[in-house]
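Notes for the one structure printed next.
Residue numbers start from 1 in every chain, and the chains themselves are labelled A, B, ... in the order their sequence lines are given, proteins ahead of strands.
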Amino acid sequence: MIRFDAVSKNYPNGTTAVDELSLELAEGGITVLVGPSGCGKTTTLRMINRMVEPTAGTVSLRGRDIREVNAPELRRGIGYVIQHAGLFPHRTVLDNIATVPMLLGWNKKKARTRAAELLELVGLPAEMAKRYPNQLSGGQQQRVGVARALCADPPVLLMDEPFSAVDPIVRAELQAEFIRLQKELHKTIVFVTHDIDEAIKLGDNIAVFRTGGKLAQFDTPERLLAHPADDFVADFVGQDRGIRRLSFVNAAELPLRDGPVLPATAPVAQARAADEPWVLVVDEGRRPLGWASVAELADGGTLADASLTPLGHTFSLVGDSARAALDSALLSPARLAVGVDAEGAVVGVADACELSAGTTAVQAAAGEQASTEAESASSESRATVGKTSADTPGGGDR
Amino acid sequence: MNDDEPLIRWQWIADHTAELADYTGIHLRLGLLPVLFGLIISVPLGILCHRWRWLYPPVLTVSNIMYSVPSLALFMIFVRYTGLTEQTVMIPLTLYTLSVLVPNVVDGLASVPEPVRLAATAMGFGAVRRVIQVELPIAVPVVIAGVRVAAVSSISLVAVGQLIGQGGLGYYITRGLQLDFPTPILTAIVLIMLLALATDALLVLAQRLLTPWSRNKVTSA
């Protein structure tokens with residue numbers, strides 16, 4: 001799809017922004033370029049739409065050397081989102097979104113109709129169409145930026161730290177929205193960030209760059225966390241990569257046990273009979289109400305009378321990861337994570353040790369499967385690093 | 001001055017309204033056409049200076065030097081080529097506007113935020129199209145601020161052109177002085193000031209209409 005062939009960018013003052021990069025980015029996936037500042041990730045991104053011209057090597061898009069295409073024309077076929085949205089302040093939201101279709105010569109009505117669809121797609125109300133960018137919040141501006149980039153339906157989308165300038169809550173919202181959009185659109189996305197957490201959250205593949213424009217590792221997020229190519233990558237990925245890897249294990253795959261779960265209508269005597277320090281009290285729909293400390297229960301009556309300790313939080317077997325499950329266990333007063341189904345009804349409980357053992361088993365199984373897949377898929381249009389196959393840990397290290 | 005002569009003889013004004021209107025029209029033409037010509041020169045010149053920064057200091061120096069030459073001297077120089085015509089007044093006035101307008105065009109273009117410029121390029125605007133459709137519209141508020149200064153100063157400078165017989169309402173100032181008759185002098189001064197104020201107000205209005213986006217800086221939820 002997008003291919004870098006021994007690409008370098010040197011500046012006249014002697015700095016090397018990108019150093020002999022060879023990289024092939026898979027079609028229809030999100031590739032994240034990540035690294036410390038000055039590692040050449042943005043330069044790499046901008047070489048894809050010719051905003052930066054390489055000093056050596058070739059960049060090709062769908063098998064065609066991009067230098068064969070007139071630069072403005074090439075760019076109209078590639079969506080681009082930047083950090084501060086970069087909306088045109090003198091144009092309404094709708095006209096901002098319609099920018100590329102207008103450049104492509106669509107008629108105004110068609111372009112605006114399309115822009116209105118995009119406005120809805122990125123989750124903004126129709127009445128925002130007539131506003132000017134300075135009347136929007138940062139998060140809204142960024143959504144408009146994404147809509148603008150997508151308006152002419154380009155197959156490729158370049159995103160340069162698109163969510164870095166907004167506050168953490170809005171960022172999380174935008175990231176979730178972005179994942180939802182990508183599930184719908186299947187664009188080939190190249191995403192630059194300096195935030196490894198964001199890279200792991202969003203990337204199908206991650207290219208880690210080191211200072212001096214060298215590629216340190218190109219791998220899936222799972223493999224990056226499990227098998228960092230060298231000390232630099234391990235350090236960059238961070239010390240809690242063990243915990244982070246849990247994000248890739250579905251909570252549904254974890255072993256749960258029934259545990260001490262009682263309805264609020266159960267008599268106190270029944271709670272004592274369970275012979276556990278804590279019992280989980282649930283309502284008639286088996287939705288958890290809270291933990292009851294058995295030692296503190298008054299004699300007689302039902303559990304409905306007991307004062308309950310809040311749950312911390314539960315984890316969902318549909319959608320949550322093992323990381324949420326472990327967190328649930330750590331925050332629970334009973335040290336037990338509570339797993340719930342789509343309706344919020346308790347499925348079972350597990351403590352941190354049980355979760356950890358379960359996770360390790362799932363990861364071991366997945367690891368075997370992944371390497372088999374990688375071997376069999378190496379002939380397909382799978383991401384590879386240079387001449388080395390992506391399934392080799394540290395294949396990108398040079 | 002004659003002690004019996006009042007500062008204003010209203011009857012004189014009433015008798016001369018048609019003539020005053022004619023001279024007001026001439027004055028406006030002599031004052032504002034140079035601003036228009038100045039703008040026509042400054043916009044491309046400013047774009048070039050913005051594009052190639054090395055060009056800006058010499059351009060600025062030349063336009064400032066021209067501004068420092070007394071208008072009287074410039075009129076006398078141009079009389080040799082264009083005679084006692086309106087052009088002889090308008091050419092120097094045009095040159096004067098450059099020292100205000102060129103820097104404002106350059107500053108206006110520089111006021112375009114870098115992410116906007118970057119986004120425009122990345123969307124696939126060619127260089128010329130980007131300047132015309134993105135950068136110049138965003139520069140409008142700063143450019144108009146310059147136009148306001150240039151217009152007011154140009155309108156008041158027109159009167160000096162009376163020294164070569166082309167001064168618009170300046171005619172009444174010299175006439176009044178010759179005849180020791182204050183009414184036309186005061187009338188001309190007030191009219192010139194009103195013209196300047198009205199022009200300025202119209203330019204403010206024009207800016208509001210041209211740049212609806214620069215108002216309402218409300219951050220909504």
What residue among A/His84, A/Gln83, A/Arg46 forms side chain to side chain contact (heavy atoms under 4.5 Å, CB included) with B/Leu118?
-> A/Arg46

What option among A/Ile82, A/Val81, A/Asn70 has the most heavy-atom pairs under 4.5 Å with chain B?
-> A/Ile82

Whether over 12 other heavy atoms sit under 6.0 Å from B/Met193 CE = no

Return yes if some donor-acceptor pair links the side-chain N/O of A/Arg76 with the main-chain N/O of B/Gly124 below 3.5 Å, else return no.
-> yes

Could you pull out the closest heavy-atom pair between B/Gly126 and A/Pro72, with the gap in Å?
-> CA-CG, 4.2 Å

How many angstroms lie between atom CZ of A/Phe88 and atom CE of B/Met123, to the nearest 0.5 angstrom?
-> 6.0 Å

What are the two closest heavy atoms between B/Trp213 and A/Asn134, and how far apart are they?
-> O-ND2, 2.8 Å

Give a yes or no answer on whether the side chain of A/His90 reaches the backbone of B/Gln133 with a donor-acceptor pair at less than 3.5 Å.
-> yes

Are any of the side-chain heavy atoms of A/Tyr132 and B/Pro212 separated by less than 4.5 Å?
-> yes

A/Glu117, CD atom: more than 12 neighbouring heavy atoms under 6.0 Å | yes

Any chance CZ of B/Arg208 has more than 12 other-residue heavy atoms, nucleotides or ligands included, within less than 6.0 Å?
-> no

Under 4.5 Å to a heavy atom of chain B? For A/Arg50 that would be neither

Engaged part of A/Ile78 at the chain B interface, taking heavy atoms whose separation is under 4.5 Å = backbone

Side chain, backbone, both or neither: which part of B/Thr121 has a non-hydrogen atom closer than 4.5 Å to chain A?
-> both

Where does B/Arg129 contact chain A at under 4.5 Å (heavy atoms): side chain, backbone, both or neither?
-> side chain

Engaged part of B/Ala127 at the chain A interface, taking heavy atoms whose separation is under 4.5 Å | neither

Atom CG of B/Leu209: over 12 foreign heavy atoms under 6.0 Å | yes

List the atom of A/Gly86, the atom of B/Ala119, and the distance in Å for their closest heavy-atom pair.
-> O-CB, 3.4 Å

Greater than 12 external heavy atoms within 6.0 Å of B/Tyr67's OH = no

Given a strict heavy-atom distance threshold of 4.5 Å, which part of A/Leu103 is in contact with chain B: side chain, backbone, both, or neither?
-> both

Is atom CZ of B/Arg80 surrounded by more than 12 heavy atoms (other residues, nucleotides or ligands) closer than 6.0 Å?
-> no

When every non-hydrogen atom of A/Asn49 is compared with those of B/Ala122, the smallest separation belongs to ND2-CB, 4.0 Å

